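Please read the structure below before turning to the comments.
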Amino acid sequence: MRFRREKLQALRAAGSDPFMASFKPTHHADEIKENFASLEGHPVAVAGRLMLLRSQGKLSFGDLQDASGRIQLFVRQDVLGEEAYKAFRELDLGDIIGVSGQVMKTRRGEISVQVENFVLLAKALRPLPEKWHGLRDVEQRYRYRYLDLITNPESRHVFVTRSRIIQEIRNFLVERGYIEVETPMLHPIPGGAAARPFVTHHNALDMDLYLRIAPELYLKRLLVGGFERVFEIGKTFRNEGVSTRHNPEFTLLEAYEAYGDCESMMQTTEQLIAHVAQAVTGGTQIVYQGRAIDLTPPWRRITMLDAILEYTGVDLRGVESDEEAREAARKAGFKIEDGLSYGDVISHLFEEYVEPHLIQPTFVVQHPVEISPLAKQNPKDPRFTDRFEPFINGWEVANGFSELNDPIEQRRRFEAQMVQRAAGDDEAHRMDEDYIRALEYGMPPAGGLGIGIDRLTMLLTDSASIRDVILFPHMRRRL
RNA sequence: GGGUCCGUAGCUCAGUUGGUUAGAGCACCGGACUUUUAAUCCGGGUGUCCUGGGUUCGAGUCCCAGCGGACCCA
């Protein structure tokens, strides 16, 4: 670093700017390689970071990296002139330069740019990580993502794919008549999910606000307002632990469709995910961490109780009371604490013993009403809701349902949640009078859907950790 | 929150049963070289061994605590 600073001082002393204002490249590296036949012998200008330098005395080779890839630079002293050639050899790996010259091919057949002029656009004062291994240390890859992106092409590929995934989701929904909207991230009442929120404070209004745990209640207010198909893709915040599948801020897609329902949203979900997989991986068969997964619709469907029966042998279908539910589970040999409700027993058995088995895409449907405070009840069995959660690789990747649009029933649900909150469940839903007021004006029957973009990206890029698909994952502060 | 593992040069990593002056490759510095592909050849080691205690004649190595990270579990 010391030497690089000295070079910088020397350049300034010699009257040249080591951070040039601008340079206009005419081509990217991959364009030159792909169009060599028509570009050979023609002048081009390229810019990027100098990644390798192989100097042979009066002839040097360099590798220049731009957003598209790398191109070799062919640099001869007799072409560049003695002074400029000397300056070229003074460059350090990592410097950002612009070069112009003719497209040519070397004796060994490498497509190159024969450098006739070059300018230093930005001096790199710090050395790059090792040129062959790149940056391996995962902590540094997360903390200094830019270094990871410079040196590890596979990391760059993940984030390019992530961008394409989001773009394809937009295309899919917009094509179906959805409009994209933006609703507040600062909520006076955090709602739409069972989760602990982050709290913040608005000084001018002197009020506490919460970072949203879901955009759901605002999007449904838009259905009241007359929009029929809306979606939002954005950050959502949950004040919970960090793991390979959880980041405190993550990206959620939510979509709502007036006159849709649980059934139509399931179809939308499987078609959307299959479409995105097709677009970014070329097919609907993927391999995740060595495991083959077939995303081709239609996906298997099973009710939550049938799934519990299948994987645990506990039959909760005819059960009427909390006590009967606990008894049924205990009889099958499961440890169940006193005081757990029917819904709790179902959640517990499902999460522990069913989820890990749901590797191939599976819609689990008909969730207990107690754990689904915003979903419409099933008309045939009001203990359950017309709700679905697709599982892939044992993960819940989405969640959707027929939206509850009865304000009286919605109030009852919120009140039931308030009882749980009072009993110590701080993830229970809060009362939201303004939302009920909106429903009182009438919300069309509708289907809703939420998909976790990060987990979907993990699946489609074969990434083992959620931090590998988030550019700047949350890390502890380091002094 | 619990468990296991990791932290050595800018980067990638060695470092033996505790042993005297802590190493290699890349990067970097000086030199040679007009067709290289992680170029090669000659010369040069640039360090808070994560931090703080402890054990010991002696600690990168053993013990304790802390910090940071990874994975598993809750």
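Residue numbers start from 1 in every chain, and the chains themselves are labelled A, B, ... in the order their sequence lines are given, proteins ahead of strands. Since the structure is predicted, the reported quantities are computational estimates derived from the model, not experimental observations.
When side chains are defined from C-beta on, Phe74(A) counts as touching Phe61(A), because their heavy atoms get closer than 4.5 Å. Counting heavy atoms from C-beta outward, Arg291(A) and Ile359(A) have side chains that approach closer than 4.5 Å.
Taking atom P on both rG19(B) and rU61(B), the two are 11 Å apart, rounded to the nearest angstrom. For the P atom pair drawn from rG66(B) and rC11(B), the interatomic distance equals 27 Å after rounding to whole Å. Nucleotides rG58(B) and rC42(B) have their P atoms positioned 43 Å apart, rounded to a whole Å. Spacing between rC63(B) and rU21(B) at atom C1', rounded to whole Å, works out to 27 Å. Only the P atoms considered, rA27(B) is 14 Å distant from rU37(B), to the nearest whole Å. Comparing the same atom, P, in rC5(B) and in rG23(B) gives a spacing of 30 Å after rounding to whole Å. With P as the reference atom, rC13(B) and rA74(B) are 31 Å apart, rounded to whole Å. Taking atom P in both rA59(B) and rG54(B), one finds a spacing of 12 Å when rounded to whole Å.
Look at CG on Leu53(A): it is 16 Å from P on rU35(B), rounded to the nearest Å. Rounded to an integer number of Å, the gap from Arg76(A) CZ to rU35(B) C1' is 9 Å. Look at NE2 on His133(A): it is 17 Å from P on rA24(B), rounded to the nearest Å. Taking atom CD of residue Glu90(A) and atom C1' of nucleotide rC28(B), one finds them 13 Å apart after rounding to whole Å. A straight line from CD1 of Ile466(A) to P of rA70(B) spans 13 Å, rounded to a whole angstrom. Across the protein-nucleic acid pair, Glu139(A) atom CD and rU12(B) atom C1' stand 16 Å apart, rounded to whole Å. Spacing between atom CG of Leu135(A) and atom P of rG69(B) amounts to 16 Å, rounded to whole angstrom units. Note: CZ (Arg136(A)) to P (rC13(B)) measures 8 Å, nearest angstrom.
Within 4.0 Å (heavy atoms only), Leu52(A) reaches sugar-phosphate atoms of the nucleic acid but no base atom. The residue Arg141(A) sits apart from the nucleic acid: no heavy atom pair falls under 4.0 Å. Backbone-only engagement by Thr244(A) is indicated by non-hydrogen atom pairs under 4.0 Å involving sugar-phosphate atoms exclusively. Across all strands, Arg245(A) comes closer than 4.0 Å to no nucleic acid atom at all (heavy-atom distances). Note on Gly94(A): nothing from the nucleic acid sits closer than 4.0 angstrom, heavy atoms only. Nucleic acid contact for Asp92(A): sugar-phosphate only, since backbone atoms but no base atoms lie under 4.0 Å from a heavy atom of the residue. Lys131(A) comes within contact range of the sugar-phosphate backbone alone, with a heavy-atom separation under 4.0 Å but no base atom that close. Counting non-hydrogen atoms under 4.0 angstrom, Phe74(A) reaches a base of the nucleic acid. At a threshold of 4.0 angstrom between heavy atoms, the contacts of Lys105(A) with the nucleic acid are absent.
Of the candidate nucleotides rC28(B), rC11(B), rC33(B), rC28(B) has the atom lying nearest to any side-chain atom of Leu93(A). Listed nucleotides: rU36(B), rC28(B), rG69(B). Nearest to the side chain of Thr106(A): rU36(B). Closest to the side chain of Arg143(A), out of rA70(B), rA74(B), rG68(B), is rG68(B). Distances from the side chain of Pro127(A) to the nucleotides rG10(B), rC13(B), rU35(B) place rG10(B) closest. Set against rA70(B), rU35(B), rA27(B), the side chain of Arg4(A) has rA27(B) as its closest nucleotide. The listed nucleotides are rU34(B), rA27(B), rG69(B); the one nearest the side chain of Lys58(A) is rU34(B). The side chain of Tyr142(A) has rA70(B) as its nearest neighbour among rA70(B), rU35(B), rA38(B). Side-chain proximity of Arg476(A) to rC72(B), rU35(B), rG68(B): nearest is rG68(B). For Arg108(A), whose side chain is taken as the heavy atoms from C-beta onward, the closest listed nucleotide among rU36(B), rC29(B), rU12(B) is rU36(B). Checked against rU35(B), rU37(B), rC71(B), the side chain of Gln72(A) finds its nearest nucleotide in rU37(B).
The base-pairing partner of rU4(B), taking Watson-Crick or G-U wobble contacts with both distances under 3.5 Å, is rA70(B). The partner of rU46(B) is rA27(B), judged by Watson-Crick or G-U wobble contacts that both fall below 3.5 Å. Shown here, rU17(B) forms no base pair; nothing in the strands shown gives a Watson-Crick or G-U wobble contact with both key distances under 3.5 Å. As the counterpart of rA65(B), rU51(B) is assigned, both hydrogen-bonding distances of the Watson-Crick or G-U wobble pattern falling under 3.5 Å.
Exactly one residue among Arg387(A), Gln366(A), His367(A) makes a side-chain contact (heavy atoms from CB on, under 4.5 Å) with Asn378(A). That residue is Gln366(A). Among the candidates Val46(A), Val119(A), Leu73(A), Val115(A), the single residue satisfying the side-chain contact (heavy atoms from CB on, under 4.5 Å) test with Ile97(A) is Leu73(A). With Ser112(A) as the partner, the side-chain contact (heavy atoms from CB on, under 4.5 Å) test is satisfied by one option alone out of Gln114(A), Arg108(A), Glu110(A): Glu110(A).
The nearest pair of heavy atoms linking Leu349(A) to Ala329(A) is CD1-CB, 4.2 Å.
The nearest heavy atom of RNA chain B to Pro129(A) and to Glu352(A) marks one nucleotide each, and the one closer to the 5' end goes with Pro129(A). Take the nearest nucleotide of RNA chain B for Glu130(A) and for Gln56(A): the residue whose nucleotide is more 5' is Glu130(A).
In this model, the phosphate group of rU36(B) is not approached by any side-chain N or O of Arg54(A) to a distance below 4.0 Å at OP1 or OP2. For Arg467(A) and rA70(B), the shortest distance from a side-chain N or O to OP1 or OP2 is below 4.0 Å. Of the side-chain N and O atoms in Arg89(A), none sit less than 4.0 angstrom from OP1 or OP2 of rG31(B).
At distances below 3.5 Å, not a single donor-acceptor pair connects side-chain atoms of Glu254(A) with backbone N or O atoms of Ile451(A).
Here the two rings, on Trp395(A) and Tyr288(A), have centers that are under 6.0 Å apart.
Look at Arg300(A) and Glu310(A) and you find a salt bridge, because one of the NZ, NE, NH1 or NH2 atoms lies within 4.0 Å of a carboxylate O, short of that distance.
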